[in-house]
A.B. asks: 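I have a structure here, written as structure tokens, and I will follow up with some questions on it.
When reading the values below, keep in mind they use all heavy atoms of this one structure, side chains included, and skip hydrogens, waters and symmetry mates. Ligands are counted one by one from 1 in listed order, and the atoms in each one are counted from 1 as well. For this chain, numbers begin at 1 and follow the sequence in order.
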Amino acid sequence: MFICLSGTPKSMIAGLSLVCKRHVYQPFRKIFPDGEQYLRFDTNLKGVELSVVQSFYPEQDRKIVELYLALEALTGLGAKPKNVIALYVAYARQDKRFLSGEPISVKALYQGLRLYSVERFITVDVHSPQIFIDIGLDTVNIIPHGFMIEQLGLKIDIVLAPDKGALQRALNVANKFNVTYDYLDKFRDRVTGEITIDSKALDVKGKNVVIVDDIISTGKTIAKAAEVLYKAGANNVYAVVTHALLSRESLDILSKAGLSRLVISNTIEQQLDLPSWITVIDLSPILCNVL
Ligand code: R5P
């Protein structure tokens, strides 16, 4: 049985129910006048093995608290929350002390899961799976780009990562489709946030290029990469990105980039109506497989 908390996108809930053919349950929830949360499972779950699903965006802090309230309540009922499926993991990028005096946010927020009978922490394209393993969680990290490209039937000639650190994603896809892969040189100005991307004189003339990445936030990385690749003569530039934290501003930036298609997944419930050049892929089939 799946317990779907409030961050779980509607299309994911439908997929988990129809594709995985498992019962989906959502707790009763309310917010007290002072802003605190309340939830309740008004059903008998004694001895039942569960997968608790949550996505921690938007309202990251509230969604994390909701997960802990749910785990405590389920434990109190004698249920067995064996898997926590974190579709989008908030605070994942603060996985080390970059400067002295900073917290390791991942540690602060997720090591508490060890207090419950959680056996597996299932994440989707999380920034650094290793930190979750280091804090004692048996972590399975799903990388969905190959599946997403397959679902859409995109014809691609070359796969690119927007920076060297993301090369493994490009390699996975390239192996699956037997095409070449490489990375772009990305530099982000830490003060202005401006992004510079260099195509490193890659040969993309007349080719169908796919950029694979984990997150769209401002949209500048993908937009800049597309601009550089079209200038270098690419035929089509597609972007396949797991987590889309889309805002009006990022959609404007991306729409000017002229992408042939932006493919995102349903790890996050979109707050805006999406234009026709964006396709959302349901990842529930991969989750069913992992379970
Ligand atoms: C960076 O390390 C990530 O992989 C993404 O490339 C980045 O978060 C995208 O951010 P934005 O859309 O703001 O350029």
A.B. asks: Run the disulfide bond (SG atoms under 2.5 Å apart) test against C20 and tell me which residues pass, sequence neighbours left out.
C.D. replies: C288
A.B. asks: Using a strict cut-off of under 4.0 Å between a residue heavy atom and any atom of ligand 1, list the qualifying protein residues by chain and number.
C.D. replies: R93, K186, R188, I195, D213, D214, I215, I216, S217, T218, G219, K220, T221
A.B. asks: Should the pair K256-E227 be classified as a salt bridge under the 4.0 Å nitrogen-to-oxygen rule?
C.D. replies: no
A.B. asks: Flag the pair E49 and K82 as a salt bridge only when some basic side-chain nitrogen lies within less than 4.0 angstrom of an acidic carboxylate oxygen.
C.D. replies: yes
A.B. asks: Going by ring-ring contact (aromatic ring centres under 6.0 Å, His included), name the pairs with one or both residues in residues 221-257, residues two or more places apart or in two chains.
C.D. replies: Y88-H243
A.B. asks: Holding to salt bridge (charged side-chain N to carboxylate O under 4.0 Å, His left out), I want the full list of residues that pass it with K205, two or more places apart in sequence or in another chain.
C.D. replies: none
A.B. asks: For a quick test of reading the model, state the closest non-hydrogen atom pair linking L283 to M12 and the distance between them.
C.D. replies: CB-CE, 4.2 Å
